[in-house]
Amino acid sequence: MRLVLSEARKQRSFRETWVGYLLTILLLFVLIYTGLGELKYVAEFGYFEQCWFTIQQDIRSYVGTFTAFLLVIGLSRLMCYETEQKTAGLVGTAAHGPALTWRAKIGFSLIYCIAVVTVLGVVTLGSHVAIIGFQGAFAPVSECLHFESVPLSNLAYCIVQYGFLLLGALYFTGFILIVATLTKHTSFTVFLCGGIYLAALCYQFVIGNRLRGLADRICKAIFQFSFCGFMQLESYRWFGWRGQWGNIWKPIVFVLLATVLEFAVLWLLWRRRAKT
């Protein structure tokens, strides 16, 4: 735990991370403030089902993107720190130094990822509930974008969506750490990981509707299995226009296996770098 706290102290010294936090807070405040006015207007007419559908959409529309932004800003330097500060040799001189350092970095990454999703979830869901209360919160989901039917209440499904987002965030975390280990440069890691995520968003909202034939199928498959697809909650429908809730275990198993594989590859890369 002391080593994890040491990684956290390093994190506090990254000025660009604090700038990223400030930008996130400002943008999140603006989006929540603008959305709450519309939500309050709808709630005044008693359309609480529509309110909860809007809350579901907010998780997909901007919470996932904010999560990706905070992960890129917060974790890109984690695996590059020793190389950029020229202290990598000191890690290798300690007994089990590389293994202990790797565990500390992974532990901090997991805690950071869970904290980001939890804080964003509490802030966004809490602010919405503060406006409409729990009216319709325990009613069955009547409208859902990704599934034909969901055997959950509105509030439970929103919480489950944040769980889905967490799985996608862990998937993205593994990718960021692998890129950082390979490049050993924070700026290039931010550029590459952020650029790939933005490219995936461009496909989802702009390019995807214009592609046809084989190109569309290939790009759709890549997006479906990518971390962006899971963080945008699109991949959980599992290639259907509207997914079947009974098949939800398939994408969950895939993203868990993919994440475990990423961290296994990360360990091999880290151990190899420690030997050189």
Side-chain angles (χ1 to χ4, degrees), residues 2-28 64-94 97-117 119-120 166 168-202 226-228 230-231 258-259 261-276:
R2 286 186 302 173
L3 292 176
V4 174
L5 293 177
S6 177
E7 296 296 331
R9 285 192 291 270
K10 294 177 186 177
Q11 186 76 7
R12 291 189 308 179
S13 67
F14 303 159
R15 294 181 180 179
E16 64 273 20
T17 303
W18 290 103
V19 173
Y21 293 159
L22 179 60
L23 289 175
T24 301
I25 292 172
L26 292 176
L27 290 174
L28 187 63
T65 301
F66 277 134
T67 301
F69 176 77
L70 291 175
L71 292 180
V72 171
I73 292 297
L75 297 178
S76 293
R77 184 175 284 194
L78 189 65
M79 308 302 285
C80 309
Y81 182 84
E82 285 74 19
T83 301
E84 293 180 337
Q85 299 297 320
K86 302 186 185 302
T87 60
L90 296 176
V91 176
T93 59
L100 292 175
T101 303
W102 184 83
R103 293 174 188 172
K105 291 180 181 296
I106 297 304
F108 173 79
S109 300
L110 297 178
I111 293 173
Y112 180 84
C113 183
I114 294 172
V116 166
V117 176
V119 170
L120 288 177
L166 177 59
L170 292 172
Y171 189 10
F172 190 33
T173 295
F175 179 79
I176 295 171
L177 298 181
I178 288 176
V179 172
T181 303
L182 290 173
T183 63
K184 303 178 184 178
H185 291 286
T186 302
S187 57
F188 189 68
T189 302
V190 172
F191 175 79
L192 186 60
C193 295
I196 291 175
Y197 193 89
L198 287 176
L201 287 181
C202 288
S226 71
F227 43 80
C228 184
F230 283 95
M231 293 187 70
T259 303
L261 179 61
E262 282 182 331
F263 283 98
V265 171
L266 181 63
W267 165 243
L268 294 176
L269 292 173
W270 178 266
R271 187 174 62 174
R272 180 180 177 182
R273 191 180 77 171
K275 293 180 179 178
T276 58

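As the structure is a computational prediction, the values presented were derived from the model and not from experiment.
- For Ala180 against Ser76, the heavy-atom pair with the smallest separation is CB-O, 3.6 Å.
- Atom CZ of residue Phe191 and atom CG of residue Leu198 lie 10.0 Å apart, to the nearest 0.5 angstrom.
- Scanning both residues, Ser226 and Tyr171, for their nearest heavy atoms gives C-CE2, 3.7 Å.
- For the pair Leu177 and Thr181, the tightest heavy-atom approach, listed with the atom from each and the gap, is O-OG1, 2.7 Å.
- Annotation for Leu201 and Cys228: closest pair CD2-SG, 3.9 Å, computed over non-hydrogen atoms.
- The shortest side-chain heavy-atom distance between Phe263 and Leu110 falls under the 4.5 Å cut-off.
- Applying the side-chain hydrogen bond (donor to acceptor under 3.5 Å, both in side chains) rule to Thr189 yields the partners Thr183; only residues at least two apart in sequence or on another chain are considered.
- Within the structure, every pair that satisfies the side chain to side chain donor-acceptor pair (under 3.5 Å) test and touches residues 191-202, not counting sequence neighbours, is listed here: Tyr197-Gln232.
- Here the SG atom belonging to Cys193 is positioned 5.0 Å from the CD1 atom belonging to Ile176, to the nearest 0.5 angstrom.
- Applying the ring-ring contact (aromatic ring centres under 6.0 Å, His included) rule to Phe69 yields no partners; only residues at least two apart in sequence or on another chain are considered.
- Put simply, the side chain of Ile106 reaches to within 4.5 Å of the side chain of Leu266, judged on heavy atoms.
- The side-chain heavy atoms of Thr67 and Phe172, taken from C-beta on, include no pair separated by under 4.5 Å.
- Residues Tyr112 and Thr173 form no side-chain contact, since every pair of their non-hydrogen atoms from C-beta on lies 4.5 Å or further apart.
- You'll find the side chain of Phe227 stays beyond 4.5 Å of the side chain of Leu170, heavy atoms only.
- Using a distance-only test at 3.5 Å, with no hydrogens or angles considered, a donor-acceptor pair links the side chain of Lys105 to the main chain of Leu78.
- Atoms CG and CE, on Leu182 and Met79 in that order, are 10.0 Å from each other to the nearest 0.5 Å.
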